[in-house]
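Heads up: the structure comes next, in structure tokens.
Remember, it's 1-based here, ligands and their atoms both numbered in the order they're listed.
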Amino acid sequence: MSVDDDPGPPSPPARLRVAVVGAGPAGIYTAEALTRQQEVPVAVDLIDRLPTPFGLVRHGIAPDHPKMRAIRDTLHRALDHPAVRFVGNVEIGRDLSCRDLHAAVDAVVYTYGAALDRQLAIPGEDLPGSLAATELVAWYTGHPDADRSTVETALARARSVVVVGVGNVALDVARVLARTPAELEPTDMPQHVLDTLAAAPVEAVTVLGRRGPVQATFTTQELRELGELAEADVLVDPADLELDGAAEERAATDRVVSRNLAVLREWAGHVPRPGRATVTLRFFSRPVRLLGEDRVTGVEVERTVVDQDGRASGTGETAVLPADLVVRSVGYRGGELPELPLDPHRGTVPNELGRVLRGGEPAPGEYVAGWIKRGPTGVVGTNKHDARETVATLLADVAAGVVRPGGGGADDLVAALRATGADPVLLEDWRAIDAAEVALGATRGRARTTLHEWETLLAAVKEAAARTR
Ligand code: NAP
């Protein structure tokens, strides 16, 4: 055989180019699952609208839960993988359409979560002084899109607070509002958040469950924490803890429910101590309307009964709870991305094992994972299993030839984005933001202080780039 005939070493198999839209836990676990498998070599672009990764780990988990927030260290390992590229500050649907993104890569996995709030659909819901938990949480975690003036105006008069809903977000909100400045001081909350919360005149927080304690969706650890607040007492009406047959049966078979009841029973009969705030858990109470002319002054609630199947119905017995602030913590829902189907009732993208369905048919090369796939349920770790399922579906499509590595466009995605005028923030840039937050925190003896403005976040990137030039 002559030298000319020598085919040389075989060329490496084409890499599967995957764009993951949303760098929260679901997106990061998707990137991790893609890089951990051995079947197909991959190159992953992990895109986020924000210049920062971690999604709800950064802008959802309460800042007074530092151990939970530390999961970002574990998530960072996936970002550091050489086959993964963080591409922040890029909004799909604005900087690049779904169609153009899809054309640029071999497969797209949408993991953009469920960022919108669910509505109560009762009169008065939109009065000033009525906030969605999503607004309050975005504000206290330093999300750069938080509406500071609305939240801060509402908090300035918040003596009596009603939180609607008995999930973990409701407990986060109640706890953060009832904490003392000293308890919040070590957190990474921006300084203006700490100052506003310290000045808020909160005396009484009532958490409203429209059904009974047996149907509450909070978990025991989060519930127990309410009892550990430095200067607030937790109150529960013992009558709300009397169980009927069906509730007894549920408590006997569901360990979370029985543990929750044990914690609640410890608090039943508590008497508030003078000079301390109160956090009252009030069950069988559904909000009927928010009262007030130009701002919220109270909540009219109706007593409910819960049937054998766990369904609540009103009894007609009403009461008025005074409230200067109402926080609606009744769940999240996914929003629409232009060109991507959305089930408006579920707030999720129709899918089968993570494969996007368009008109009921699988859309080749398009996938979902996380809350936009299954709805806003579970803890951070739930997304790991969820992402693995989606990646298994994607790999099955590769094996079946439905998705072909190297089939997408030849252009580098970041170069293509820059050509359109977008300003992607890459991993090194995020490290500059990270370092700036740690440095800002150190000025007040804290581990970190969150940068909460677009300008400051992007300035940290530019300053670091100027230093290394
Ligand atoms: P969630 O657990 O679904 O709770 C929503 C609450 O709103 C439920 O109590 C629900 O009551 C109530 N609700 C819904 N519609 C209502 C209405 N029209 N009127 C009155 N009440 C209404 O949701 P979430 O608290 O937003 O949490 C989302 C997910 O994040 C959950 O999986 C949660 O566990 C997780 N999370 C975890 C942590 C943690 O681990 N520390 C912290 C925060 C969030 P019904 O049951 O009667 O519908």
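- Near ligand 1, residues Met68, Leu120, Val164, Gly165, Val166, Gly167, Asn168, Val169, Asp172, Arg210, Arg211, Thr217, Glu222, Ser329, Val330, Gly331, Tyr332, Trp371, Pro376, Thr377, Gly378, Val379 come within 4.0 angstrom through at least one heavy atom.
- Under the ring pair (Phe, Tyr, Trp, His ring centres under 6.0 Å) criterion, Phe54 pairs with His76, Trp430, sequence neighbours left out.
- Residue pairs meeting the side chain to side chain donor-acceptor pair (under 3.5 Å) criterion with at least one member in residues 235-247, sequence neighbours excluded: Asp240-Arg303.
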Donor-acceptor contacts, no H, no angles, side chain residues 336-345, under 3.5 Å, sequence neighbours left out:
{"from": "Glu339", "atom 1": "OE1", "to": "Arg99", "atom 2": "N", "distance (Å)": "3.1"}
{"from": "Asp343", "atom 1": "OD1", "to": "His345", "atom 2": "N", "distance (Å)": "2.9"}
{"from": "Asp343", "atom 1": "OD1", "to": "Arg346", "atom 2": "N", "distance (Å)": "3.2"}

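- Looking only at atom types and distance, the side chain of Trp267 has no donor-acceptor partner in the side chain of Asp233 under 3.5 Å away.
- In summary, the side chains of Asp397 and Tyr367 do present a donor paired with an acceptor at a separation below 3.5 Å, with no hydrogens or angles considered.
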Next item on the list: For the pair Glu32 and His81, evaluate side chain to side chain donor-acceptor pair (under 3.5 Å) and give the outcome as yes or no after the intermediate values.
Entry: CA-CA 8 Å; Glu32 185 186 71; His81 193 285; over 6 Å; no
